[in-house]
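To keep things clear, I will list the structure first and then write my remarks on it.
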Amino acid sequence: MASALQSVLSSLPSATQSLAERAQVPSQGIPEGFRISCELAPPSSQIPASIHSTSVQPDQVPVFFCTDAPSESFADAKNGIKVILHVHGGGNVSGHPTEMRFISFFSRMLRVLGKKSGAGGSSGPIIAAPSYRLATVPENLFPAALQDMFSAYHHLISKGLGAENITITGDSAGGNLALVLTYIISQSTLPMPGHVVLFSPDADLTYASYTESIPHDIIHLSSYQACSSQYLGNFPANDPLASGVLIPFTASWPKTLVMTGTADNVAESSRRIVNGIREAGGIAELVEYADLTHGWWMFPHIFPQSDDGLERLAGFVYD
């Protein structure tokens, strides 16, 4: 497992980017009509006790706002605008919202969402993508990422955006963070988001329900385990703050859409999340794409089902 983690960490351009580096807005490779800006969200004053830590302190969080609409329309329509708060994947040790893979993903998402909003006469949507702290150094281990995500959500609420119009989304490890973030919000005084949408969430960090790795998936189970062990440090994996599948869901949980592929090593997480929400009396939908591996949502040129996933997301948000 250590060798799997070392392989991931050795591929990173920088394990300890500064706050200024994390907040840098790219000037090249931006799709035509795609607008991106960054704000520094202050550390939230309302972080629940469950994610307080003596060794990890809340910090400022770069939040990237992406849209294909004029910036003035954002200011004029705060209360009714649809916002996607996206938590990127990367095993909790890699990734950044301005990487080209995510810029491309957000651009595709905005196009699909824009069609739905235009058809209903609504203002164009906004994607808010935080650069949360990655677990590559001791001071960034659990619960740093959760503190950052909570501060980012609080920042959106403080800007006057309606919680009912916010959809928290996440992919892979980011899907687990998105799920746990929603749980943490339920423990706070902040209003709950309107919807949750997850792309193949890696949400059981105990990995007890996985017996063996699917041979043709793109990520081996040992890599998931290594990254999750690095992220958690000494925090137990069998806690709902670590593993979203263990959250004690309630009937008031936000309407949730979970999408995965049947050839994905962590597909069982998706099934357990949806079953848990339904058993608690909540509303949840599961979509399983036959024979798709992990990462399917990022590769529309290989997996046409990726576009279907974004269409389902848009329909869910504007339902």
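- Atom CD of E288 and atom CG of D264 lie 10.0 Å apart (nearest 0.5 Å).
- Residues I36 and L19 do not share a hydrophobic cluster, defined by chaining ILVMFWY side chains whose heavy atoms lie under 4.5 Å apart.
- Identified under the salt bridge (Lys or Arg N to Asp or Glu O under 4.0 Å) test for residues 221-238, with sequence neighbours left out: none.
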(message) Between K159 and E39, does the salt bridge (charged side-chain N to carboxylate O under 4.0 Å, His left out) criterion hold? Intermediate values first, please.
(response) CA-CA 11 Å; K159 287 174 69 68; E39 296 181 10; 3.1 Å; yes
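- Using a 4.5 Å heavy-atom threshold, the side chains of I84 and F106 count as separate.
- Under the 6.0 Å cut-off for aromatic ring centres, F105 and F299 do not qualify, their centroids lying 6.0 Å or more apart.
- The structure places OG of S151 at 8.5 Å from NE2 of H154, a figure rounded to the nearest 0.5 Å.
- Note that CZ of R35 and OG1 of T67 are 7.0 Å apart. Values are rounded to the nearest 0.5 Å.
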(request) Report the C-alpha distance between R108 and S306 in whole Å, list the side-chain angles of each, state the deciding distance to 0.1 Å, and finish with yes or no for side chain to side chain donor-acceptor pair (under 3.5 Å). (result) CA-CA 10 Å; R108 292 170 48 225; S306 175; 2.5 Å; yes
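- Interatomic distance, I273 CD1 to E268 CD, rounded to the nearest 0.5 Å: 10.5 Å.
- No donor-acceptor pair under 3.5 Å is formed between the side chain of D171 and the backbone N or O of S200.
- Taken to the nearest 0.5 Å, the CZ atom of F34 stands 9.5 Å off from the OG atom of S104.
- By the 4.0 Å N-to-carboxylate-O rule, E285 lies close enough to R312 to be salt-bridged with it.
- Using cut-offs of 30° and 60° on the angle between ring planes, the pair H88 and F102 is tilted.
- Heavy atoms from other residues, nucleotides or ligands lying under 6.0 Å from CG of D307 number more than 12.
- Between the side chains of T293 and W296, no donor N or O sits under 3.5 Å from an acceptor N or O.
- Salt-bridge annotation for D68 and R111: absent, with no side-chain N of the basic residue lying under 4.0 Å from a carboxylate O of the acidic one.
- Side-chain N or O atoms of S243 include none that pairs as donor or acceptor with a backbone N or O of V245 at under 3.5 Å.
- With 3.5 Å as the limit, one finds a donor-acceptor pair spanning the side chains of Y207 and D202.
- Within the 4.5 Å cutoff, no side-chain heavy atoms of P201 are placed close to those of L179.
- Ring centroid separation for the pair H294 and Y224 comes in under the 6.0 Å cut-off.
- Atom CZ of R22 is separated from atom CG of L40 by 9.0 Å, given to the nearest 0.5 angstrom.
- Considering only heavy atoms from C-beta on, M149 comes within 4.5 Å of V87 through its side chain.
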